[in-house]
Amino acid sequence: MPKEAIELFSLFGVGALLVMLVGFYSLLTTRSLIRVMISVELLSKSVMLLLIAAGRAVNRTALAQAMAITLINIEVAVVVVAVGIILCIYRHHKTVDTAVVQEIKG
Amino acid sequence: MTENSINIVLVAALVLAALWTVMTARTLRSAIGLAITSAILAIIMFRLASPLAAVFELSVCAGLIPVIFISTIGLTARVEEESMAAKQREKLRKYAALLVLVLVVAGVLVTMHLPNDFAAPQGPVPTESPQVVMWDLRHVDLIGQIGVLAAGAFGVVILVKVSKRA
Amino acid sequence: MLDWLILVPLAAIILLNLPWSDFIRRRAAVLAALLAAAQAAMVVAAPSEWVSRASILAQTLHLHLAMTGLSRVMLLCIGLAMMAAACVTQVMFSDDFRRRANFVSLLLVSLLGMNGAVLVTDLFSLYVFIEVTSISSFVLIAFTLEKKSLEGAIKYLILSAVATVLMLGSLALLLLMAGTMDFAGIKEALASSNGALVAKLAIGGFVCGLLIKGGLVPFHGWVLGAYSASPAPASVLLAGIVTKVCGIYAMIRLATSVFPPNAAVNQVLMLLGAVSIVVGAVLALRQTDMKRLLAYSSISQVGYIVLGLGCGTPLAWAGAIFHLFNHTVFKSLLFVNSAAVERRTGTTDMSRLGQLGSAMPLTNLTSVLAALSTAGIPPLAGFWSKLLIILALWQAGVKQGQAMYFVYAAVAVLFSVVTLGYLLSLQRKVFFGKTPENLELLGAAKPSGWISTPELILAAVTLAAGLLAPLLLLTGSFLVPTGSF
Amino acid sequence: MNEMMLLLPILIPVAGALLVLLAGRSSHSARFGLTVLAAAATLAVAVLLFPQANNATGITFSHAWASPMFSFELRLYSLSAWILVAAAAFALLVTLYSWHYMAGRPHGMLFCLYLLLTLAMVCGAMLANHLVVLLFFWEGLLLTMLGMIAIGRPGAWKTAFKAFVIVGISDLCMTGGIVITGLLAHTLRISDIDHLATTGLGGLGMALLIIGATAKAGSMPFHSWIPDAATDAPLPFMALLPASIEKLVGIYFLARISLDMYQMSRESWLSMMMMVVGAVTIILAVAMALVQKNYKRLLSYHAISQVGYMILGVGTGLPAGIVGGLFHMVNNALYKSCLFMTGGAVEKQTGTSDLNELGGLGSKMPLTFLCFIVAAASISGFPLTNGFYSKELLYAGALDRGLIFYLAAVVGTFLTSASFLKLGHAAFLGKRNSRHDAVREVPFSMLLPMVLIAAVCLLFGPGNALAVDHLIRPSLSAAAAGEHHLGGLLPHNWLLAELAAGAVLLAILNHLAGWRRYGSGLHAVDHIHHAPVLSFMYDSAAKGWFDPYIIGRHIVRVVAWIGWGMDRVVDWFSDGFWVRTAQFGGWALATAHRGRYALYVLWCLAGAAAVIGFLIRAM
């Protein structure tokens, strides 16, 4: 593996890991379902960055872009569904606090 | 500035944007923070020779998705906003740990090096354009995307439409 | 005809949602059931050359699909479970046929996703189709818009996102190593750079993502909500097949087509399988709700499959795949039974149920069959698959001289008994025993052919598979040699 | 035609039983008339068959059944031919007797039904030439026995159950013996089983078969139900089964086992075992009989004691012993059923069989008394009675094998005589209870069987050669029967005869002495009862310490108690440990599932970190 390629990937890899860290932290600590979804979005940003950087590092940008565009599509679908579910939860509970989604336990 | 310095700055900006996204008290600002993060990511993608993905990122992730979030916030979080603002100080304390964590992890990761113990991909570098790859070579993915979009569309029909009616 | 498995569901989805097709929308569930049954019949009856030949359409579309012995078994499972789910759907949303058509459309999206996932030859496509199945599952779970359904859906969605991050991160690393996404290329790259940190991270990440999708302990947090709070047909589909395709099948596919043989991964799989068996069974023992009990039971049974996978010998693989098939059949059947009970009484709370045996004889009978098969009582199908797994563990233990294999085998045997215990207690509480005074049978909900047909078919399959199992094993229908996957 | 006739002794009683059942609530006379008719027809068939079958080959009836191994096969030959006649004759006489006896008693229909079925089963067991067929009839006999006891006085169920358990256990032993025999002989056809070796497994098989046969005859230690049945069951049952038919069947089969099926040499432990069992049975049972204060109970102990003579005789393996045993079997069936009938007559007329309340009936019931005297003299071995001759043969056999067996037999004779002197004295002589002043002789239908049997007893005394040399010896093989005539008016060994007569005389003297001392016939043997060591033994016996059934129940209770205790320990361990552990584990796991998605995400991340970390280290 060429040294430049590794270094390029490492730089963006570090960035992606940090964003991932931020996303997971927020996912674990936030009290709002909307913020939960925003955290999930951050997580997908991080992997997207990882993917593009990997593609660039090995000169497979076409494949990486094709994958990224597909992922963006999937992201949209997930977000739309999640938002729909959150809206319904809001309709039931008049709140989007994550505390309302812990009834199923044991 | 060298290429590398610009990249470092962009990555730092990306991480800072992400941090702001999660640390800001108001959910609305958080959604905007997400848009900013996406925009920075789009710039990075441009710089990583992936213009097509960057365009999608900019239009969909920096444009459409924050709009979806913001309209959701508009539908739900009016009550939330005030209570969240009141908890701003507590919130900062909660995320102070994250700041420290990010700094520590960043330090550790920067000093560490990814071991270069694997070979680069073999074979010739493909020369097809992303459009060709997407439209001509990955038809299976396209069908999958149609499925994803169909599922999303039914999700909207079932969840959002009914939700609004109620 | 291979591409038809993807294109026909797609066409059906479009057909169901054309502006003028109310006629079809009324009969949506029937259509889906027929489609699924046709799929099951095709993979069983049609010669494999005929099935795996690509049509002209596929050639013009450059669809890279492949059929193996394993995908054939999976396609059969998908057909059976989907057929059961579609039949149950027909009686579930009887008030609003458009809503029902939407539900069926989602079922068909799920069918599309699962069929795609078992046929693709490209890791990224595999991910995409898993995601198709997952997204349709979110909506299916939340479909009734009740509090608990929504909760189950959002939890599944969040944990799926975590799985997505793990899998996509792994995909990025694999792209870095291989520069391509198809199975063969990645296999080659992994083989050439064996031992690299990046490879380990990639394999670990992808396996963990699949473990989340498959609902193994400790990645199982979403399972209870998704199975127990969803509408009945969605439970049938999810517990019956979705998690198996998204988690287990993908894992088998990776282990056979992508990853090099790997003792460490096997150890992880065996450990998690055994832990899942124990945790799922212990939790199932405590449950007082039918669907919750069945949900935890699913975790336990998936544990058996993964335990077999982790053992890694051809015999264990045969057992695992056979158990996967059996699990699809009997768990779908049990969830269909719970749907029948729910439809008749309006509840699945076992403390309020009792003595339904006389009111619902067929459900009672099939439930006994399914329970006995799950617990591994001869001569039902579950017995043979568990036997194979346990035998394989024993053999491996003898061969490698490691005590852990015997411990796992003992766990597998012991928790068969526990399985029998909790399923018989379900049987006793629901179908035998005294009728609580406040339990009213809903008179309007007469036994329906749409419930009894899948019950009968699935019961017949589990019985036939059990009786014919020695034959199947002899002729090798399930004993697919590792090389031919 | 002749072969088919073999079915008749089985089918006629069954048909009669069915008719009785169909007749339902018909009158007593009709019912008993039918029964007598069926028994008489059976007897007629048996008599008709006798001349044709009275040879070594006999008549065989065979019908292919489930498989070649299991053909339904009957065979009548010399030995079984005359025993069959005897059994049918006893059944007829007992039926005649019970016609009047059962009048006014409940369960008349069931009695007739069981009686006829018993007859059918006995005929079947006699005729069976296949061990499985034999077992079928054998077990059938067990069931009719159960039914017969159960229809006795209220509460007889307990006794019936006791008998069922005891005989059932012995029958289980016999089943085991049959299995072993079949394994060794490679056939289950009785006539094909030819002198199997008694070493190893063969010995076990023979021992098990002997247990089955002797238990059916009522030998110790499978005896304890008989005295209970004597007081609880209808009296004709006692006259029919324990007194006569069961002896015939049991000893017949014992003879088959030890003479034909197995090679029982005199040196084998089996021979010794049989003789020991026989001797012990003689002494212990007669000792118990001595102290009984109830007419029927006293007789029942003799029914046990007399079996001892037969087993001892057959066990000697000597011609004199074997012939003597079989002759004694016939004699015992005669006098014992006659004695039971006198007991029934007394009970019928006075309403009691308690000897304390009886006395002085001799003048009121002279014919009954006469029959009693004849039968009692026979059983005591008074010279010139049939018992004297059969015992003499037995003495000769026993003395040949060992002095101790001979002594046991003689002491048994002494005690038998003493107890019957006491019984006769207490019941028929002495002071009459004023309540019994109006007692009259029993009617003709009850007298006839008694008188007939008593007459045969007398006939077989001086005319013993008729039975011994014309019936018994020809039906045995040359080795078992010996070369010399064994019958005859004059004893073969004068010394033994004199000693035997001496024992009887001694008993009379003892009785006179006791009478003088206690002033009562009933208490004439109390000095034996209260003798230092013996009184303790008697007390123990009265408490049931020697009753295997009661001992068995105690053992079962102890075992059950131990089992219960172990169960508690296991329960404690499982409840207190495994179940608690499982419950705690379940509770802990369930509590861990708090429903928060964040927790589940954390689990996933931790799990993923662990898995990836492990892979990085291990791969």
Side-chain angles (χ1 to χ4, degrees), chain A residues 1 5-6 9 12-13 16-17 20 23-24 27 33 36-37 39-44 46-60 63-64 66-68 70-71 73-75 77-82 84-93 98 100-106, chain C residues 124-125 127-128 131-132 134-139 141-142 144-158 160-162 164-181 193 196 198 205 221-222 224-229 283 286-289 292 295-296:
Chain A
M1 196 91 192
I6 281 281
F9 180 78
F12 292 105
L17 275 181
M20 205 183 280
F24 272 126
L27 181 63
L33 284 173
V36 166
M37 284 322 296
S39 313
V40 168
E41 277 303 298
L42 282 181
L43 290 175
S44 63
S46 73
V47 288
M48 198 92 75
L49 175 59
L50 211 55
L51 200 63
I52 293 290
R56 176 71 187 86
V58 293
N59 279 325
R60 302 293 198 275
L63 179 59
M67 285 162 71
T70 310
L71 287 182
N73 267 337
I74 294 174
E75 224 179 296
V78 171
V79 165
V80 162
V81 169
I85 294 172
I86 291 170
L87 282 176
C88 292
I89 290 173
Y90 178 76
R91 188 164 60 86
H92 275 295
H93 299 281
T98 53
V100 300
V101 288
Q102 42 180 305
E103 279 178 26
I104 304 172
K105 53 181 146 189
Chain C
F124 184 70
S125 302
Y127 164 76
V128 170
E131 206 61 24
V132 172
S134 298
I135 295 173
S136 58
S137 303
F138 306 151
V139 187
I141 295 168
T144 53
L145 306 185
E146 287 158 10
K147 280 184 196 172
K148 293 210 166 179
S149 317
L150 294 167
E151 184 185 334
I154 195 84
K155 280 185 192 163
Y156 187 18
L157 195 150
I158 293 168
S160 263
V162 175
T164 298
V165 171
L166 289 168
M167 284 155 75
L168 282 178
S170 153
L171 279 184
L173 295 178
L174 289 172
L175 181 66
L176 188 69
M177 295 173 69
T180 176
M181 280 287 110
S193 62
V198 180
W222 59 274
L224 180 63
Y227 289 7
S228 69
L283 283 170
R286 294 176 52 87
Q287 301 307 317
T288 55
D289 184 281
R292 289 170 62 106
Y296 278 127

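Order of the sequence lines fixes the chain letters, A, B, ..., with proteins taken first and strands second; residue numbering starts at 1 for each chain.
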* To do: Keeping the roles fixed (side chain from S149(C), backbone from L145(C)), state whether a donor-acceptor pair exists under 3.5 Å.
  => no

* Relative to chain A, which segment of R292(C) carries a heavy atom at a distance below 4.5 Å: side chain, backbone, both, or neither? -> side chain

* Top contributor to chain C interface from H93(A), K105(A), H92(A), R56(A) [non-hydrogen pairs under 4.5 Å] -> H92(A)

* Which portion of I158(C) sits near chain A, non-hydrogen atoms under 4.5 angstrom -> side chain

* Asked: For I52(A), is it the side chain, the backbone, both, or neither that has a heavy atom closer than 4.5 Å to a heavy atom of chain C?
  -> neither

* Sub-3.5 Å donor-acceptor pair from the side chain of K147(C) to the main-chain atoms of E103(A), do we have one? -> no

* Structure fact -> Honestly, the part of V78(A) sitting under 4.5 Å from a heavy atom of chain C is both

* Please flag which part of E146(C) lies under 4.5 Å from any non-hydrogen atom of chain A: side chain, backbone, both or neither. => backbone

* Contact leader toward chain C among V100(A), I89(A), V40(A), where contacts are heavy-atom pairs under 4.5 Å -> I89(A)

* Counting heavy-atom pairs under 4.5 Å to chain C, which of L33(A), V36(A), L51(A) comes out on top? -> L51(A)

* Asked: What distance do M181(C) atom CE and L63(A) atom CG have between them, rounded to the nearest 0.5 Å?
  -> 6.5 Å

* Output the option from N59(A), L50(A), I86(A) having the highest count of non-hydrogen pairs under 4.5 Å with chain C. => L50(A)

* Structure fact -> Cut-off 4.5 Å, heavy atoms of chain A, and the answer for L175(C) is both

* To do: Under 4.5 Å heavy-atom distance to chain A, tell me which part of L173(C) shows up: side chain, backbone, both or neither.
  => side chain

* To do: For side-chain contact (heavy atoms from CB on, under 4.5 Å), just list the numbers for E131(C) and I135(C), CA-CA rounded to whole Å, side-chain angles, deciding distance to a tenth of an Å, and then say yes or no.
  => CA-CA 6 Å; E131(C) 206 61 24; I135(C) 295 173; 4.2 Å; yes

* To do: May I ask you to name which of L43(A), N73(A), V81(A), L71(A) has the most heavy-atom pairs under 4.5 Å with chain C?
  => L71(A)

* To do: May I ask you to test the E41(A)-M37(A) pair for a side-chain heavy-atom distance under 4.5 Å?
  => no

* Asked: Are V58(A) and F9(A) close enough that some pair of their side-chain heavy atoms sits under 4.5 Å apart?
  -> no

* **Student check: side-chain heavy atoms of L157(C) and W222(C) closer than 4.5 Å** => no

* Check: L166(C) main-chain N/O paired with S170(C) side-chain donor or acceptor under 3.5 Å -> no

* To do: Measure distances from M48(A) to the heavy atoms of chain C and classify the residue's part below 4.5 Å as side chain, backbone, both or neither.
  => neither

* Is there a side-chain contact between Y296(C) and L224(C) (heavy atoms, below 4.5 Å)? -> yes

